[in-house]
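Report on the structure given below.
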Amino acid sequence: MQQKIARIFILCSLLIVSHSALAQEAIEISELLENDKDISIRDMSRIKNKVIVADSLQGWKLNWVGGLNGAQASYDNWSQGGVNTVSVTASTVFNAKYRQDRFAYALATNFKYGKARLEGEGTRKTDDRIAVNNKFSYLFSDDRWSAFGNINFSTQFDQGFDYNVGDNEDPVLISKFFAPAYFTQIAGIGYSPADYFTAEAGLALKETIVTDTTLSTRYGLDAGNKFRFEPGYSLALGFEKKVFSNVRLISSVETFTNMQRHLDNTDVNFSNELIGKINGFMNMSLQFVMIFDSDYSRQVQIKQVLSVGLSYSIL
């Protein structure tokens with residue numbers, strides 16, 4: 001486990017230093033779907049963006065952005081081969097922030113759904129997320145320190161499948177709406193020496209819900225059970241800053257340790273996204289995510305997505 005965590009932090013450093021090289025190595029969506037499991041499962045248990053309320057804010061601040069990303073690949077008599085692919089992902093992010101004196105509240109919602117059509121393979125899901133994050137904070141006399149409480153929820157809209165099956169076998173169902181779903185509550189102390197960096201530590205409660213009992217054991221529940229409760233503690237680091245005039249890096253490392261299990265079962269979520277603004281409506285993003293969740297797999301899960309699309313500020 002220690003080696004896995006060390007690799008995660010090393011990759012974090014490499015991503016920040018050499019993000020342009022990673023952009024060139026991001027795999028095609030057709031390759032991702034052909035060789036891997038349903039990728040939406042990697043995004044369900046955590047919300048990837050940290051919610052930060054600026055010191056200068058008084059009252060409410062609302063932000064709502066909608067986005068549409070797409071990719072297309074077509075081949076005709078191409079010697080290297082390839083699979084004709086069309087994919088589309090729609091997303092919407094709504095943030096509401098409030099501050100009055102030393103009390104602050106932030107709400108973040110992130111809804112995303114994507115589909116891809118592969119020639120000869122039909123339509124497959126590429127992304128699927130329902131995530132809601134509530135954060136309550138009280139700032140101490142030293143504004144760098146605060147007490148906080150988080151209430152988070154995440155699940156997905158649609159069914160997800162494992163396509164790595166034998167010939168003439170049907171794909172295996174691995175997820176669906178509220179199977180699984182996660183509720184987490186965290187209370188602790190936060191430290192933010194700069195607007196772009198946060199560190200948080202606290203006691204945590206985690207509830208896992210699997211409404212389809214055929215999937216219970218896949219997510220660490222006993223056979224036939226629909227609910228599991230876990231007490232533990234959580235550590236999180238968040239970084240968000242412009243690295244160039246039109247490029248922003250959002251990076252976070254989040255952990256959850258069950259007090260009743262060995263440390264090598266600690267959940268680790270390492271998420272990075274580079275977002276480049278092309279103009280007022282178009283952007284380009286590179287997402288790189290690593291997850292270790294022993295309930296789902298003892299192997300580290302990895303996701304890379306390079307996309308170009310449109311975004312529009314509704315509020």
Side-chain angles (χ1 to χ4, degrees), residues 1-15 21-22 25-48 114 116 124-129 131 154-156 159-166 169-176 179-182 184 204 206 208 210 212 214-223 225 228 230 232 234-237 251-258 260-273 286-306:
M1 178 60 193
Q2 291 82 359
Q3 291 180 345
K4 292 177 180 176
I5 295 177
R7 291 172 184 169
I8 288 174
F9 281 97
I10 291 171
L11 283 170
C12 178
S13 301
L14 290 174
L15 181 70
L22 277 173
E25 296 173 0
I27 57 180
E28 291 182 348
I29 192 69
S30 59
E31 181 183 347
L32 181 67
L33 291 171
E34 283 185 309
N35 300 329
D36 209 349
K37 298 180 180 180
D38 187 317
I39 66 172
S40 67
I41 200 68
R42 284 79 181 271
D43 290 330
M44 295 187 303
S45 63
R46 296 289 188 274
I47 295 176
K48 301 302 183 293
R124 300 182 181 183
K125 183 174 68 172
T126 59
D127 214 335
D128 193 0
R129 185 188 309 170
S154 61
T155 185
Q156 60 283 314
Q159 293 180 336
F161 294 90
D162 180 357
Y163 293 95
N164 291 333
V165 295
E169 293 185 21
D170 293 331
V172 177
L173 178 70
I174 60 174
S175 66
K176 59 195 299 187
Y182 299 94
T184 58
K206 178 181 176 182
T208 303
V210 182
D212 187 338
T214 64
L215 301 175
S216 297
T217 56
R218 183 176 291 275
Y219 297 101
L221 280 67
D222 294 333
N225 286 359
R228 184 180 66 178
E230 298 177 87
S234 175
L235 300 173
L237 300 175
S251 181
S252 66
V253 178
E254 302 175 5
T255 71
F256 173 81
T257 303
N258 187 329
Q260 301 171 332
R261 302 177 69 184
H262 194 273
L263 282 175
D264 65 5
N265 290 300
T266 296
D267 296 341
V268 180
N269 186 303
F270 170 46
S271 175
N272 302 272
E273 188 169 12
L286 168 65
Q287 187 181 25
F288 179 76
V289 181
M290 297 180 65
I291 292 177
F292 177 77
D293 183 351
S294 60
D295 293 330
Y296 181 73
S297 172
R298 296 299 301 184
Q299 296 182 342
V300 175
Q301 305 168 57
I302 299 176
K303 170 182 170 182
Q304 297 179 74
V305 178
L306 177 64

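All values below come from the heavy atoms of this structure, side chains included, with hydrogens, waters and symmetry mates left out.
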Which residues pass the side-chain hydrogen bond (donor to acceptor under 3.5 Å, both in side chains) test with [X], not counting sequence neighbours?
| X | answer |
| --- | --- |
| Ser297 | none |
| Ser216 | none |
| Thr208 | none |

Are Asp295 and Arg228 within salt-bridge range, i.e. N to O under 4.0 Å?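 Yes, charged N to carboxylate O under 4.0 Å.
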Partners passing side-chain contact (heavy atoms from CB on, under 4.5 Å) against Asp212 (at least two apart in sequence or in another chain): Leu173, Lys176, Ala179, Thr214, Leu215
The criterion is side-chain contact (heavy atoms from CB on, under 4.5 Å); which residues satisfy it with Asn258, sequence neighbours excluded?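 For Asn258, the residues satisfying side-chain contact (heavy atoms from CB on, under 4.5 Å) (neighbours in sequence not counted) are Glu230, Pro231, Phe256, Gln260, Arg261.
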Are Lys206 and Asp267 close enough that some pair of their side-chain heavy atoms sits under 4.5 Å apart?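 In contact.
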Under a 4.5 Å cut-off applied to non-hydrogen side-chain atoms, are Leu263 and Thr257 in contact? yes
Measure up the Phe288 and Phe270 rings against each other and bin them: parallel (under 30°), tilted (30 to 60°), perpendicular (over 60°).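 Phe288 and Phe270: perpendicular rings.
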Output, in order, the C-alpha distance, side-chain angles, deciding distance and verdict of side chain to side chain contact (heavy atoms under 4.5 Å, CB included) for Ser175 and Lys125. CA-CA 11 Å; Ser175 66; Lys125 183 174 68 172; 4.2 Å; yes
Which atom pair, heavy atoms only, marks the closest approach of Phe292 to Arg298?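 Closest approach of Phe292 to Arg298, heavy atoms only: CE1-O, 3.3 Å.
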Locate the shortest heavy-atom distance separating Val289 from Ile291; write the atom from each residue and the value. CG1-CG1, 3.9 Å
Quick check: does any side chain N or O of Thr155 sit under 3.5 Å from a backbone N or O of Pro180, one acting as donor and the other as acceptor?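 Checked: pair present.
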Nearest 0.5 Å please: distance from the CG atom of Asp127 over to the CD atom of Gln287. 6.5 Å
To the nearest 0.5 Å, how far apart are OG in Ser271 and CE in Met290?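 Here the rounded value is 11.5 Å.
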